[in-house]
Protein chains: 2
Amino acid sequence: MNLQEVAILAKVSTATVSRVLNNVGPVKNSTRTRVLKAVAELKYHPNLHARNLAGGKSRTIGIIVSNMENPFFVDIYKAAEQAAHSKGFDVVLANTDYNPEHLMHNIRLMIGRRVAGLALAVSEMDPGLIDELCDKNIRTVTYDAGLLRRNSSNIIVNYGKGIERIVSYLHELGHRRMAFISHHRSLRPLSFRERGFREAVERYSPVIEWRIVADVDGIDGGRNAVRAILASGFHPTAIICVNDVMAIGALHELREAGLRVPQDVSVTGFDNIKLAEIVNPSLTTLHIPRDRLGQLMMQHLMADDSGDEQFQPETVIDPEFVVRESTGGLNRK
Amino acid sequence: MNLQEVAILAKVSTATVSRVLNNVGPVKNSTRTRVLKAVAELKYHPNLHARNLAGGKSRTIGIIVSNMENPFFVDIYKAAEQAAHSKGFDVVLANTDYNPEHLMHNIRLMIGRRVAGLALAVSEMDPGLIDELCDKNIRTVTYDAGLLRRNSSNIIVNYGKGIERIVSYLHELGHRRMAFISHHRSLRPLSFRERGFREAVERYSPVIEWRIVADVDGIDGGRNAVRAILASGFHPTAIICVNDVMAIGALHELREAGLRVPQDVSVTGFDNIKLAEIVNPSLTTLHIPRDRLGQLMMQHLMADDSGDEQFQPETVIDPEFVVRESTGGLNRK
DNA sequence: TTGAAAGCGCTACCAG
DNA sequence: CTGGTAGCGCTTTCAA
């Protein structure tokens, strides 16, 4: 079923049907209603592929994230989608599970779809791979990717500063043995955070002993990491997690092991997802404004080319320290 | 940049390039490599719209869910996507936030994209609206929607049975005042669950006092609902939540109010998401196998037309009762 | 093994 | 205000 059939039923040309459907150009009211009736009668739905092909331009934004199981990314996606909708764009979402091949596959799909813009909130950015793809003339905005190309902007969070804040806070509380829990250490953005931790902690060298352990992203990852730490014989008094979800897993595993938080061990997260204030004990963490992040990404993608809006190629967001119940001074002073 | 340019650079016809790109038909090896080189050189990405238009068929499955913030739906999506990928299909995801208009919009988009199949895991199904749309010849599978149409199958969870199980269990423990926490009462599938509760509880009439309260889906919804209950003066000894996420919110609000779970109040969830075993106290709930659900949906959509596989128009899944720490007998016997 | 050409369904331009 | 028509980029016969 196509435009033609509608046109025949309405006794007009396809051009007119098109005009009616797109609210463009002048159409006599009587014919418009006639067309609309035919459309309804046939339950006609325009073929969007044909429309995109013929029109040339697309009103669709692609969004790719690393892990939809982590509320952090869901929040970004929701903010971004809302911003896109408010400007009349549709959104198509893809998830990579931190897998660079999935990322490539999805980027290819997005390019193939000729999206009007592409937002990448992923950690598995490989400069090499992306470089190749991104000199299509697709506008791109990345989060936490640290690469800048033509018509591509980047939004980054100052993780180093955040982690430094955490470490110094814990140090003041008297903590001298710390562990850092992460995931996907080999991915660049994650390795930067790890380095942030290392630098912060080495500033106090050799007073602070430390250790880094990694597992998968998620609750189970946090649990496994804590289990590994405890089994290793290294007994940190503070555990710093690369994100809240892993921290929540850590919290649970510590409880299982009979350790009290924060009396025996302090725990910190990163992101400040909703759950962080709900868990027991509630989580000390760093707030990253996902709303703003999502909005910013869309703003960059949909900014007028008119050059009116100041196009910022890079935006830095400072996380905000939120102290809750999961951190405290040492029991044995 | 299009097929033509590649063809020219490779000194062949567009037909040949197409053959190479699709691995179809015979192509001399030397020309194949020549074409591939041209493709790489130009960083050519085929226009998927054109491809779909010309090919007629699509290898894309549409998935629409109600709330990506609820891990229940994320789990379904992930299982479904994996199943789809394993059969060589791509997936495009959409989220409705329980908004029937968003649902309509997204269904229209999916139809416009001429997806090979459409999976609807949404609660806001309105028989009227959908009826109209679903007699396109798009294969559809719904979860929890209770409507059956031509080339459309349905997967349902036996909520009534599950809730009955919960109520009788709580009754045995001595509970006589129960509250049911839900969301979007006016949406059919949700109202069915509410009815399930009502029927189960009235079976013990007039022994059990009960009450139903609703708020939005999510942690805050659970919190608000509990606050409303406590403020109402009705003091239930057991709170039954329509899903785990709301139950987790309820748990938190009860703690804030100084009530102990399960000593003062028992709480149950539904779904058995990962978090249910992590929260403290861990959550008594009903397990719904999201993996199987997602796989089933894809199986229904991608079943061979060959009639070989037995096409089941309806599949019922029984949830499985999981007792954890959030329920117990009454303190004062 | 390859090329030419006819569409796929729609938009947009040009006439009338 | 409306119709005719030339593409959009690709797949797919049909011939060569």
Side-chain angles (χ1 to χ4, degrees), chain A residues 1-36 38-39 42-60 90 108-116 136-138, chain B residues 1-36 38-39 42-60 90 108-116 136-138:
Chain A
M1 169 174 355
N2 54 19
L3 255 204
Q4 180 109 258
E5 294 185 40
V6 178
I8 293 175
L9 181 57
K11 295 191 208 309
V12 293
S13 71
T14 60
T16 301
V17 179
S18 177
R19 286 191 199 98
V20 172
L21 259 33
N22 296 289
N23 276 316
V24 63
V27 182
K28 209 207 295 180
N29 241 311
S30 63
T31 44
R32 150 171 282 108
T33 48
R34 198 145 36 88
V35 169
L36 256 20
V39 167
L42 262 39
K43 285 171 186 151
Y44 167 71
H45 293 261
N47 183 319
L48 297 182
H49 299 300
R51 183 173 278 187
N52 274 315
L53 229 208
K57 73 274 159 139
S58 142
R59 295 287 284 179
T60 300
D90 272 308
R108 291 223 171 82
L109 279 181
M110 295 298 185
I111 294 179
R113 286 171 184 141
R114 299 297 188 266
V115 291
K136 322 293 302 183
N137 12 12
I138 292 185
Chain B
M1 168 172 358
N2 54 19
L3 253 203
Q4 180 110 257
E5 293 186 40
V6 178
I8 292 174
L9 180 58
K11 296 190 206 310
V12 294
S13 73
T14 60
T16 301
V17 179
S18 177
R19 287 191 197 98
V20 172
L21 259 32
N22 296 290
N23 277 314
V24 64
V27 182
K28 210 205 297 180
N29 240 310
S30 63
T31 44
R32 151 170 281 110
T33 48
R34 197 146 36 89
V35 169
L36 256 20
V39 167
L42 262 39
K43 284 172 187 151
Y44 167 71
H45 292 260
N47 182 319
L48 298 182
H49 298 300
R51 186 174 275 187
N52 275 316
L53 228 208
K57 74 268 158 144
S58 142
R59 295 287 284 179
T60 300
D90 272 307
R108 291 222 172 82
L109 279 180
M110 295 297 185
I111 294 179
R113 287 171 184 142
R114 299 294 189 266
V115 291
K136 323 292 302 183
N137 11 12
I138 293 184

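The model shown is predicted, which means the values in this text are computed figures rather than measured ones. Chain identifiers are assigned alphabetically (A, B, ...) following the order of the sequence lines, protein sequences preceding nucleic acid strands; residue numbering begins at 1 within each chain.
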From C-beta outward on [X], which listed nucleotide comes closest to its side chain: [options]?
X	options	result
A:Val27	C:dA5, C:dA12, D:dT2	D:dT2
B:Asn2	C:dA5, D:dC10, D:dT5	D:dC10
B:Ala54	C:dG3, D:dG3, D:dC10	D:dC10
A:Val12	C:dT1, D:dG3, D:dT12	D:dG3

Rounded to the nearest 0.5 Å, what's the gap from [atom1] on [X] to [atom2] on [Y]? Could you check?
X	Y	atom1	atom2	value
B:Ser13	B:Gln4	OG	CD	10.0 Å
B:Arg114	B:Leu53	CZ	CG	9.5 Å
B:Arg108	A:His45	CZ	NE2	6.0 Å
B:Asn2	B:Asn47	CG	CG	9.0 Å
A:Leu48	A:Asp90	CG	CG	9.0 Å

Please report the distance, rounded to the nearest Å, between [atom1] in [X] and [atom2] in [N].
X	N	atom1	atom2	value
A:Leu53	D:dA6	CG	P	18 Å
B:Arg114	C:dG9	CZ	C1'	9 Å
A:Lys28	D:dC1	NZ	P	9 Å
B:Leu3	C:dT2	CG	C1'	15 Å
B:Arg51	D:dT12	CZ	C1'	14 Å
B:Tyr44	D:dC10	OH	C1'	7 Å
B:Leu21	D:dT12	CG	P	13 Å
B:Arg32	C:dT2	CZ	C1'	13 Å

Remember a base hit wins even if backbone is also touched, and classify [X] as base, sugar-phosphate or nothing at under 4.0 Å, heavy atoms.
X	result
B:Thr16	sugar-phosphate
A:Val17	nothing
A:Asn52	nothing

In terms of heavy-atom contacts, does CD of B:Glu5 have more than 12 from other residues, nucleotides or ligands at under 6.0 Å? yes
Please confirm whether the shortest side-chain N or O distance from [X] to OP1 or OP2 of [N] is below 4.0 Å.
X	N	result
A:Asn22	C:dT11	yes
A:Thr14	C:dG9	no
A:Ser13	D:dG4	no
B:Asn47	D:dG9	no
A:Lys57	C:dA12	yes

DNA chain D: B:Pro46 or B:Arg19, which has the more 5' nearest nucleotide?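 Whichever sits nearer the 5' end wins; that is B:Pro46.
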